[in-house]
Structures are given as C-alpha cells and as structure tokens.
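In what follows, a single structure is set out as structure tokens and then discussed.
Chain letters run A, B, ... following the sequence lines, proteins first and then strands; every chain starts at 1. On a predicted model such as this, the values are computed, not experimentally measured, just so you know.
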Amino acid sequence: MAPVDEQLFVLMSGVDYGDPHLYTVFERELRERLEEDRPLRVYLGVDPTASSLTLGHTVPLRKLRQFQEFGHHAIFLIGDYTALIGDPSDKNKLRPMLTPEEVKRNEATYFEQAAKFLDPGRTEVRHNSEWLADLKLLDVIRLTSKFTVAEMLRRETFRKRFEAGDAIFLHEFLYALMQGYDAYALACDVQIGGTEQLFNLMAGRKIQEDAGQRPHVPITLPILVGTDGKTKMSKSAGNYIGIDEPPEVQYGKVMSLPDEVLPEYFVLATNLDRALVASIIEGLRKGERNPMEEKKRLARTIVAECWGEEAARRAEAYFERTVQRKEVPEDAPTFPVRGTETLLEVIVAAGLAPSKREAKRLFQQRAVTVDGQVAEEGATAKPGSVVQVGKRRWLRLVEP
RNA sequence: GGAGGGAUGGCCGAGUGGCUAAUGGCAGCAGACUGUAAAUCUGCCGCGCGAAAGCGCUACGGGGGUUCGAAUCCUCCUCCCUCCA
C-alpha cells in the first residue's frame with residue numbers, strides 16, 4: 001500500500017471536526033490504522049431521502065473513493081431502515097418519515113448516480129435493514145441504556161430546539177443509535193459523514209466499544225455551500241448543481257459561483273490531485289492565479305467527473321463562445337414564424353419568457369436584441385433573424 | 001381532558017380593518033461595469049388588457065360569515081406547536 005504519510009495527506013484533506021483538538025486525535029488514530037498496512041473497512045451511509053443527487057452529496061462519496069483508490073475496502077450503506085425515521089442532524093425541525101415505498105423508489109436512482117463517483121465493482125453495497133429490522137425491543141432498550149438524556153440534549157440541534165420550546169420526539173434520539181449500530185454491524189474501521197453527523201458517528205464508537213469492538217475513526221466533511229455561496233446546497237433551496245444536469249448547465253452554474261468559494265469547491269467537490277489543489281488555493285490567495293481561469297478549471301473538472309472529458313470540453317467551448325465571445329450558439333433553438341407575429345408573442349410562445357408581463361419587462365430593460373440590434377416591443381418577428389434575450393437565451397426564427 | 005400559540009408570495013420573515021400585489025432579507029431576472037454567468041452599482045421581480053396613465057383578475061392553510069371594504073374581525077374545518085393534567 002502507499003506510504004502512510006501520502007495516504008494521510010490525501011485522506012485528511014478537507015476533513016473538519018469543528019475542533020482542532022479532535023482533528024489531532026483522529027488524525028493520529030487514522031495513522032495508527034493505516035500503519036497496520038491492511039485494507040481498512042470504510043463505510044459511508046446514505047439515506048435515500050431524495051431521488052437525485054447534487055454536487056453536495058458527492059463530497060463524502062469522493063472521500064470514500066479516495067480510500068478506495070488506496071486499496072481500502074469501501075462499503076456503501078443504503079440507509080433504507082434509517083430513512084424511515086429521518087435523520088434530525090441537519091435540521092432544526094422534525095424530518096418527515098418516509099414510507100417504505102418512497103425509500104425503494106429513491107434507492108435505485110440514488111446508487112446509480114452515486115456509482116459515477118465510486119468504483120462500483122469494488123464497492124460492497126449493504127442495507128441497514130439487514131440488521132436493524134431484526135432488532136428486538138429488548139435490544140433497542142439495551143442500546144438506549146448506554147446513553148443519557150443529558151448527552152442527547154447537549155447536542156446542538158436538540159439543544160436549540162429544546163430551548164426554543166420546539167418538539168423533540170423520542171424516535172429522533174434513536175436515529176443516532178441506529179446509525180451507531182450500523183458501524184458496529186459493519187465492524188468498520190472508518191466512517192465517513194458530514195460534520196453535522198459527528199454526533200452519530202461518536203455514538204457508533206461508543207456502541208462498538210461497549211460491544212468489545214475497536215471504535216472506528218470518524219472522518220467528517222464540511223457541508224458544501226450552494227451556488228449562492230451562502231447556504232447549504234440543496235434542491236429545495238434551489239441553489240444546487242445536480243449531477244444529472246446537462247454539462248452546459250453545470251458548467252454555467254459553476255462559473256456563477258462567487259470567487260470566495262473556489263477553495264472549498266476545489267477541496268470538497270473535485271477529485272483533483274491534492275497537491276495541485278493546495279497550490280491552486282495558495283495561488284488564488286496570493287493573487288498569482290487568475291480566478292476566472294481557475295474557475296474554468298473547476299467547472300471543467302466537475303463536468304468531466306459527471307459526464308466525461310469530452311462533455312467537459314464541449315461545455316467549456318460553449319461557455320467561451322456564448323458568454324465570453326458573445327456568439328450565437330449554432331444549436332440555438334429555432335422557431336417558425338410567418339412574419340406577422342410580434343416579437344413579444346414569439347418570445348412567450350417559444351418559452352424565452354414565462355409570461356407576457358415578464359417579456360414586456362425584458363423589452364423595457366432593453367434585453368431583447370434582433371441580429372444584434374436592441375428591439376422594441378412592437379417589432380414583428382421576421383424569419384431568418386436571430387433573437388437574443390438577456391445573455392443566455394437565443395432563438396433562430398425560421399420560415400414555417 | 002383543559003389552556004394557549006401558529007399556518008403569509010420559490011425560501012426566510014414583517015404586517016393585525018382601507019394608504020397592502022402585501023416592509024425587509026435570500027434566491028431569480030435585466031442593464032452597466034468587468035477578469036467570469038464573480039464582485040460592485042442600478043433597476044425589475046403574480047397574471048391579463050393597454051403605447052402609457054391606468055383598468056381588471058387571482059393571492060396571505062380550507063369553507064362560511066360580518067363590513068361600503070378583510071391577510072387583518074367572527075365562525076367552523078384541516079394541519080402544526082407549546083404548556084397544564
């Protein structure tokens with residue numbers, strides 16, 4: 001296996017426990033395991049609560065991949081049983097419990113997409129219903145007896161809700177225990193998760209230890225911010241980059257990220273060589289590297305990791321043509337016109353604007369051009385001309 | 001079983017009878033600028049008619065009501081939360 005120092009450099013990259021002391025401790029623990037020079041059992045658990053993944057979901061997947069590339073044994077655990085409860089970790093309110101049918105439906109697409117970021121042939125896929133479904137009430141009670149109420153209430157998410165007078169249901173306490181039990185059932189050496197899950201991972205250590213197992217090394221990663229550069233990337237917030245979105249869309253979304261988040265994106269959302277990543281970040285900080293060039297590299301990398309090199313080249317070329325050189329893309333959608341319709345009608349009919357009111361505003365803002373000339377709202381749509389709305393919407397008018 | 005609090009536009013969150021298509025923030029869109037679709041600045045940001053002023057329609061969990069007029073008051077219903085027992 002690769003030298004321990006080399007492994008450690010890569011594996012600890014981006015890792016954050018929210019506490020420098022913990023970092024030292026866990027880094028040492030990981031070093032000890034790596035020195036045993038054997039494939040470690042590394043597990044990542046994912047609850048199939050959503051049917052399609054965002055770039056944010058790929059952060060822990062990439063970490064698992066890194067372990068895999070060093071020859072460690074990767075376990076992808078589908079939390080089909082825990083999903084029924086709902087992880088309270090990242091929420092300040094109760095999470096809805098899913099039905100078994102919903103879980104099943106999400107699960108298939110989930111792994112299919114996750115597999116893009118793993119080496120699927122070398123990944124062991126498990127479900128936690130395999131062991132959790134068989135626990136007897138007595139087993140569960142024994143598990144709960146290892147934890148105290150004070151311990152639970154010290155946890156930030158619960159504490160805040162408790163202090164705010166919000167409801168905390170008993171089953172929410174159980175979530176951490178279930179995830180902890182997974183670690184024990186898998187007899188894992190390492191568990192990967194988001195920083196907000198540290199509590200759950202620590203619960204796992206405790207359960208393993210009580211059962212006479214060596215507690216695993218937690219590897220927690222920060223939450224990836226969304227395209228707004230501020231809040232957590234999520235579908236519902238609309239600030240996401242979906243891994244099944246078209247290459248051009250992904251590329252564009254990356255290019256619209258605020259410059260400040262480039263470092264964290266390079267660390268968390270790419271598989272680029274860690275030494276290179278470090279030098280990029282350093283270069284950006286010192287102003288020796290051009291943010292735009294680096295952002296293009298980031299965009300290219302992310303698209304390539306989702307769709308392949310070829311798609312990344314295409315997306316980049318598209319961006320350079322349309323945005324940087326402001327050319328009309330040759331694949332601009334066409335729209336048949338007789339020459340009697342008004343531009344306004346055509347823009348709405350072609351879907352370049354959601355409503356007439358909105359289209360009217362676009363005209364008022366001088367955002368509509370025909371063959372490069374700013375067009376007025378009353379103009380008629382003539383076949384053979386090219387309409388551009390804003391920076392990224394085009395239409396080629398053709399004979400019907 | 002009892003008492004009380006809440007449900008507002010994509011999200012967060014003001015508003016407690018007309019001045020409210022509804023403060024503000026975020027997200028989004030446009031223009032300017034630029035090193036990029038970054039940052040910054042400015043404007044827009046329910047739908048329809050109208051060149052425009054303007055007019056109309058729909059909207060504050062759901063139904064019904066009071067009123068010249070309701071997101072705001074009353075009533076019933078649904079869902080959520082808290083406290084006491």
Note to self: Please confirm whether the ring centroid of A:Phe67 lies under 6.0 Å from the ring centroid of A:Phe70.
What the structure shows: no
Next item on the list: Assess the side chains of A:Glu341 and A:Thr380: does a donor N or O sit below 3.5 Å from an acceptor N or O?
Entry: no
Next item on the list: Tell me yes or no: between the side chains of A:Ser129 and A:Asp80, is some donor less than 3.5 Å from an acceptor?
Entry: yes
Applying a 3.5 Å limit to both distances, which nucleotide forms a Watson-Crick or G-U wobble pair with [N]?
N     : answer
B:G64 : B:C74
B:A3  : B:U82
B:C11 : B:G25

Item checked: Any A:Arg325 side-chain nitrogen or oxygen under 4.0 Å from OP1 or OP2 of B:U36 -> no
Next item on the list: May I ask you to verify if any side-chain N or O of A:Ser256 is less than 4.0 angstrom from the OP1 or OP2 atom of B:A38?
Entry: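 It does not, given that no N or O in the side chain of A:Ser256 lies less than 4.0 Å from OP1 or OP2 of B:A38.
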Check: Ignoring hydrogens and angles, are the base of B:G50 and the side chain of A:Lys356 linked by a donor-acceptor pair under 3.5 Å?
Finding: no
Just compare [options] and give me whichever is closest to any side-chain atom of [X].
X        : options             : result
A:Arg361 : B:A38, B:C44, B:G48 : B:C44
A:Lys230 : B:G43, B:U34, B:C26 : B:C26
A:Asn290 : B:G35, B:U36, B:A30 : B:G35
A:Arg393 : B:C44, B:C29, B:A37 : B:C29
A:Arg392 : B:C29, B:A39, B:G35 : B:C29

Rounded distance in Å between the [atom1] positions of [N] and [M]:
N     : M     : atom1 : result
B:C11 : B:C84 : C1'   : 35 Å
B:G48 : B:C68 : C1'   : 27 Å
B:U34 : B:C41 : C1'   : 12 Å
B:C26 : B:A39 : P     : 12 Å

Item checked: Separation of B:U36 C1' from A:Leu284 CG (nearest whole Å) -> 13 Å
Next item on the list: Round to a whole Å and report the spacing from CD of A:Glu260 to C1' of B:A38.
Entry: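 Distance, rounded to whole Å: 7 Å.
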Check: Start at the 5' end of RNA chain B and walk down; is the nucleotide closest to A:Tyr318 or to A:Asn239 reached first?
Finding: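 First, find each residue's nearest nucleotide; the 5'-ward one identifies A:Asn239.
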Check: So which one's nearest nucleotide on RNA chain B is more toward 5', A:Thr231 or A:Tyr251?
Finding: A:Thr231
Next item on the list: Without swapping roles, check the side chain of A:Lys232 against the backbone of A:Val225 for a donor-acceptor pair under 3.5 Å.
Entry: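 Checked: no pair found.
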Notebook entry, point to check: In Å and rounded to the nearest 0.5 Å, what is the NZ to CG distance from A:Lys295 to A:Leu257?
Noted result: 6.0 Å
